[in-house]
Amino acid sequence: MTELQRLLIAYDAHRAAGRPCALATVVDLAGSAYRRPGARMLVTADGQLTGAISGGCLEGDARRRARQCIQRQQPTVVTYDSTDPDDDLQFGSALGCQGIVQILLEPLAFDDARNPLELLRTWWEGVEEPAVVATVFHLDGPSTAPAMVGERLLVTASGAVQGSLPTHSALYERILTDARQALADNQPATRSYPSEVGQVRVSLELLRPPVRLTIFGAGNDVKPVVRMAATLGWRVRVVDGRPGLAQATRFPEAEAVRVVPVDQVPTLPQDGSFALLMTHNYYYDLAALRHLLNAPAPYIGLLGPRKKYLRLLEELEKDVPDAAQRLQQRLHSPIGLNLGSETPEEIALSIVAEIQAVLSGRPAGFLRDSPHPIHPRIASDGELAASAAVSAVCELGG
């Protein structure tokens with residue numbers, strides 16, 4: 001289950017029970033922090049928490065301020081600065097990330113179909129494409145500013161646009177243009193826009209659809225792979241030709257479990273899901289690999305020794321001479337990261353970790369050996385100004 005799913009489930013429960021809520025969202029970051037822009041936490045008036053905006057160091061203070069936000073029914077931006085080592089002692093935040101984090105706190109109106117969680121729900125329910133959500137989080141000036149804190153635009157890759165930001169303005173058009181550019185660049189960003197009454201700052205957050213994973217094989221070693229993948233919010237399908245193994249009761253976390261005989265594998269839809277070949281059956285793996293030759297699968301993992309893949313490739317090249325070229329960079333065999341795995345659970349960990357590395361475009365080495373930051377830098381047209389104190393709060397009109 002993804003973090004967004006957990007938030008929506010909790011939100012629906014609180015709405016049904018009539019418990020007022022506020023949403024805390026990381027909207028900007030300078031330096032290092034445990035969570036990135038887009039991290040969210042739901043807070044109820046009685047202090048219940050769902051989600052996280054840090055490694056645990058900000059939640060207590062943010063919960064207190066969120067409850068105040070609910071009482072005042074006014075959005076609030078809180079800036080936490082951990083770059084000054086003395087601040088940890090003064091404010092008791094114990095922040096060790098050496099970064100400046102801005103958190104947007106917003107009361108949620110259950111009857112507003114455009115509140116941030118309802119807006120995210122509309123994307124999630126049709127989640128077939130990436131999107132960008134642009135959130136106004138800072139204004140210089142009075143209520144005559146061209147936007148309000150918390151107003152948003154949701155822009156999908158196919159061009160659909162919705163949200164609460166007023167249309168037919170120069171600011172709207174500029175934000176829309178930058179949101180589309182962030183989608184094209186596949187890069188989150190923070191942007192500043194001058195207006196007649198001051199500066200407007202906007203967070204451009206990338207929303208990526210969940211990973212779709214098709215596993216060919218329904219043996220016992222597939223079970224921990226399905227469990228781990230589902231824990232990450234991936235949507236998993238299991239395909240096998242053996243009715244005794246391909247049963248939904250064996251894979252309760254899977255989105256679908258199908259019995260597909262080997263001669264029907266070519267009839268499966270060719271989509272962009274990641275694929276694992278774990279059948280322990282040479283001819284079924286061959287049929288699946290032949291099917292995946294023309295499929296837009298960005299990752300194909302083949303369980304077994306390298307000599308098995310070489311034999312499969314030799315067989316494929318009899319009919320498809322450029323099979324090796326079509327599979328180049330996509331096929332991973334032997335499968336998984338080199339973790340010294342032996343048990344099914346350890347092997348599942350190495351497989352899921354390898355897919356995550358491919359998703360992130362990372363080499364999957366030890367972080368201690370990397371000269372680069374853990375996370376890519378958020379593109380910005382101006383650095384986030386340091387706060388005078390960790391607890392400095394800027395309450396913005398709504």
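As the structure is a computational prediction, the values presented were derived from the model and not from experiment.
Val101 and Ile53 fall within a single hydrophobic cluster, where Ile, Leu, Val, Met, Phe, Trp and Tyr are joined by side-chain heavy atoms under 4.5 Å apart, directly or via other members. Phe251 and Val259 are assigned to two separate hydrophobic clusters, defined by single-linkage of ILVMFWY side chains at heavy-atom distances under 4.5 Å. By the rule that hydrophobic residues join a cluster once side-chain heavy atoms approach within less than 4.5 Å of another member, Ile355 and Phe216 end up as members of separate clusters. Transitive grouping of hydrophobic side chains (ILVMFWY, heavy atoms separated by less than 4.5 Å) brings Leu286 and Val265 into a common cluster. In this structure, Leu183 is not a member of the same hydrophobic cluster as Leu359, with clusters built from ILVMFWY side-chain heavy atoms closer than 4.5 Å.
When the shell of 6.0 Å around CG of Asp369 is examined, it contains more than 12 heavy atoms from other residues, nucleotides or ligands. The neighbour count for Tyr283 OH, taken as heavy atoms of other residues, nucleotides or ligands under 6.0 Å away, does not exceed 12. Annotation: Arg330, atom CZ; neighbour count of heavy atoms from other residues, nucleotides and ligands within 6.0 Å is above 12. Counting non-hydrogen atoms of other residues, nucleotides and ligands closer than 6.0 Å to CD of Glu129 gives a total above 12.
Under the 30°/60° scheme for interplanar angles, the aromatic rings of Tyr299 and Phe274 are found to lie parallel.
Arg237 and Ser273 share a donor-acceptor pair across their side chains, judged by distance under 3.5 Å alone. For the residue pair Arg201 and Ser192, a side-chain donor N or O sits within less than 3.5 Å of a side-chain acceptor on the partner. Looking at His138 and Asp28, their side chains never bring a donor and an acceptor atom within 3.5 Å of each other. Side-chain atoms of Arg152 and Thr135 include a donor-acceptor pair closer than 3.5 Å.
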Exercise for the section: With side-chain contact (heavy atoms from CB on, under 4.5 Å) as the test, would you mind laying out the steps for Val149 and Leu139 before giving the verdict? Expected result: CA-CA 7 Å; Val149 167; Leu139 300 176; 4.0 Å; yes
Practice task
Given side-chain contact (heavy atoms from CB on, under 4.5 Å), test Leu176 with Tyr172 step by step and report yes or no.
Solution key: CA-CA 6 Å; Leu176 180 59; Tyr172 174 89; 4.1 Å; yes
Exercise for the section: Just do the side-chain contact (heavy atoms from CB on, under 4.5 Å) check on Asp221 and His280 with the steps written out, would you? Expected result: CA-CA 10 Å; Asp221 58 346; His280 300 277; 2.7 Å; yes
Exercise for the section: Decide salt bridge (Lys or Arg N to Asp or Glu O under 4.0 Å) for Glu315 and Arg290; before the verdict, give the C-alpha distance in whole Å, the side-chain angles of both, and the deciding distance to 0.1 Å. Expected result: CA-CA 10 Å; Glu315 189 78 19; Arg290 192 185 302 276; 5.4 Å; no
Practice task
I would like to know whether Leu4 and Leu207 meet side-chain contact (heavy atoms from CB on, under 4.5 Å); could you show each step before the answer?
Solution key: CA-CA 11 Å; Leu4 178 55; Leu207 300 176; over 6 Å; no
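The pair Arg250-Asp240 does not count as a salt bridge, with every side-chain nitrogen at least 4.0 angstrom from each carboxylate oxygen. Of the charged side-chain nitrogens involved, none lies within less than 4.0 Å of a carboxylate oxygen, so that Asp271 and Arg212 do not count as a salt-bridged pair.
With hydrogens and angles ignored, the 3.5 Å screen pairs a side-chain donor or acceptor of Gln270 with a backbone N or O of His291. Without hydrogens or angle criteria, Arg35 side chain to Ala52 main chain gives a donor-acceptor distance under 3.5 Å. Between the side chain of Ser350 and the backbone N or O of Gly336, no donor-acceptor pair lies under 3.5 Å. Side-chain N or O atoms of Glu59 include one that pairs as donor or acceptor with a backbone N or O of Gly56 at under 3.5 Å. Glu151 places a side-chain N or O within donor-acceptor distance of the main-chain N or O of Met148, the cut-off being under 3.5 Å. When atom types are taken as modelled, the side chain of Glu346 and the backbone of Glu342 share a donor-acceptor pair closer than 3.5 angstrom.
Separation of atoms CZ (Arg15) and CD (Glu118) is listed at 5.0 Å; rounding is to 0.5 Å. Note: Leu58 CG to Arg63 CZ = 13.0 Å, rounded to the nearest 0.5 Å. Separation of atoms CD (Glu173) and CG (Asp178) is listed at 11.5 Å; rounding is to 0.5 Å. Atom CZ of Arg64 is separated from atom CG of Leu105 by 11.0 Å, given to the nearest 0.5 angstrom. Atom CD1 of Ile215 sits about 12.0 Å away from atom OG1 of Thr279, to the nearest 0.5 Å. With values rounded to the nearest 0.5 angstrom, Gln356 atom CD is found 5.5 Å from Trp234 atom CH2.
By the 4.5 Å heavy-atom criterion applied to side chains, Leu42 and Leu117 are counted as neighbours.
When all heavy atoms are compared, the tightest approach of Gly233 to Pro210 is O-CB, 3.4 Å. Residues Cys21 and His14 come closest through the heavy atom pair SG-CB, 3.5 Å.
Remark: Arg326 engages Leu293, Asn294, Val320, Asp322 in a side chain to side chain contact (heavy atoms under 4.5 Å, CB included) (not counting sequence neighbours).
Of the residues Val132, Leu119, Val136, Leu165, the one that meets the side chain to side chain contact (heavy atoms under 4.5 Å, CB included) test with Leu153 is Leu165.
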